[in-house]
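Structure first, commentary second.
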Amino acid sequence: MEIGIDSFAAVLPDPATGKPPSPTERMANLLEEVEVADRVGLDVFGIGEHHRAEFLDSAPAVILAAAAARTQNIRLTSAVTVLSAADPVRVFQEFATLDLIAKGRAEIFVGRGSFGEAYPLFGFRMEDYDDLFAEKLDLFLKLRETTHPKWEGRFRAPLMGRGVFPRPHQQRLPVWLGVGGTPQSFARAGMLGLPLMVAIIGGTFERFRPLVDLYRESGLRAGHRPDQLIVGVHAVGFVGETSAKARDALFPGWAHMVRTIGRERGWSAPSREQFDAMCGPGGPFLIGDPESVARKMLDASVALGGVSRITFQMSSASLETAAMKRSIELLGTEVARIVRNDRRERRP
């Protein structure tokens, strides 16, 4: 199982003063986090894409390029690129350039986005939400296969053999499809034979098993090999010396984010009891000491029929700079050791 981190470059107010760090300070800390992840042997680091005041990740390819110049081995990816609201040609050029800087360590996760800010910002209609993604994904995958694509669609000017440069360092830029809980998205990933990254931030891991089965069944029906149908999980996670320390480090930032987003979406106010329940054995959060986190990761893999990658979304602890770096160290050493030595852990 590959283990990694996803960051949204969150800028959170200090609970004591109510003041957030400067964007410059937060970005510097984020790049240091990527360096630590590379040093301790984690497999991948992802940067999300949002267009909101509380996140600094509106240009993930730029952040990843800065990280590429400061790291040696870790793979670097978006988490996810909102392809529906972007020009696939420009996105391909950005990630091909990233791949050249990283010498073949770039990946891209594409999706429709769980927030809608990008659509009006770039002049697209939410009514075209799914059509935009289907068309732009089709073009992006053609760009991956050929330098001179011939393509026509509704939402972009046609390409009639004009070259798209540069080409990436890798022969084929790895493309994952990021999904939430929509069955059609799971089926689409399977039909296309793309690796699947499932965001599980609520409910239980077992609840997503029918959707993961749908992905695999759709892929097999479309003629793809089982080893092409790779499943990853993105989950809220944090590792501490003890479970209590891990929960205490993550809770304030998590509660602030949930309150902020919840006001827009009509959610009830978050509580510590709710948070602790989600950290418990039946909950979706991978938060605790190294042993408990590793065991929960292995249980999640079994519940989903085999998982090839798990990435931790730990931006909510960004104010705890020392705790963040220590969590990354524990994830790359203690957690990884337990997971990779477990007899149940086999790459599906």
TODO: For the pair His148 and Phe165, name the ring-plane relationship: parallel under 30°, tilted 30 to 60°, perpendicular over 60°.
DONE: perpendicular

Open item on the list: List the residues meeting ring pair (Phe, Tyr, Trp, His ring centres under 6.0 Å) with Tyr119, not counting sequence neighbours, and say none if there are none.
Closed with: Tyr129

Task: Side-chain donor-acceptor contact under 3.5 Å, Thr81 with Ser78 - done: yes

Task: Asn29 backbone acceptor or donor facing Lys325 side chain under 3.5 Å - done: no

TODO: Without swapping roles, check the side chain of Ser22 against the backbone of Glu25 for a donor-acceptor pair under 3.5 Å.
DONE: yes

Task: Parallel, tilted or perpendicular: ring planes of Phe55 versus His50, cut at 30 and 60 degrees - done: tilted

Task: Pair His169, Gln171: side-chain N/O donor-acceptor within cut-off below 3.5 Å - done: no

Open item on the list: Side chains of Ser315 and Gln313 only: does a donor on one sit below 3.5 Å from an acceptor on the other?
Closed with: yes

Open item on the list: Under a plain distance cut-off of 3.5 Å, with no hydrogens placed, do Ser243 and Asp289 share a side-chain donor-acceptor pair?
Closed with: yes

TODO: Check whether any side-chain heavy atom of Met1 sits under 4.5 Å from a side-chain heavy atom of Arg340, and report yes or no.
DONE: no

Open item on the list: Tell me whether the rings of His51 and Phe122 are parallel (<30°), tilted (30 to 60°) or perpendicular (>60°).
Closed with: perpendicular

Open item on the list: Can you tell me if Arg272 has over 12 outside heavy atoms packed within less than 6.0 Å of its CZ?
Closed with: yes

- [ ] With sequence neighbours left out, write down each residue that passes side chain to side chain donor-acceptor pair (under 3.5 Å) with Arg52, or none if nothing qualifies.
- [x] Glu54, Glu117, Glu264

Task: Flag side-chain contact, heavy atom, 4.5 Å: Val233 against Thr311 - done: no

- [ ] Using distance alone, with no hydrogens and no angle criterion, decide if Asp99 and Gln170 have a side-chain donor and acceptor under 3.5 Å apart.
- [x] yes

Task: Polar side-chain atom of Ser271 near backbone of Gln274 as donor-acceptor pair, under 3.5 Å - done: yes

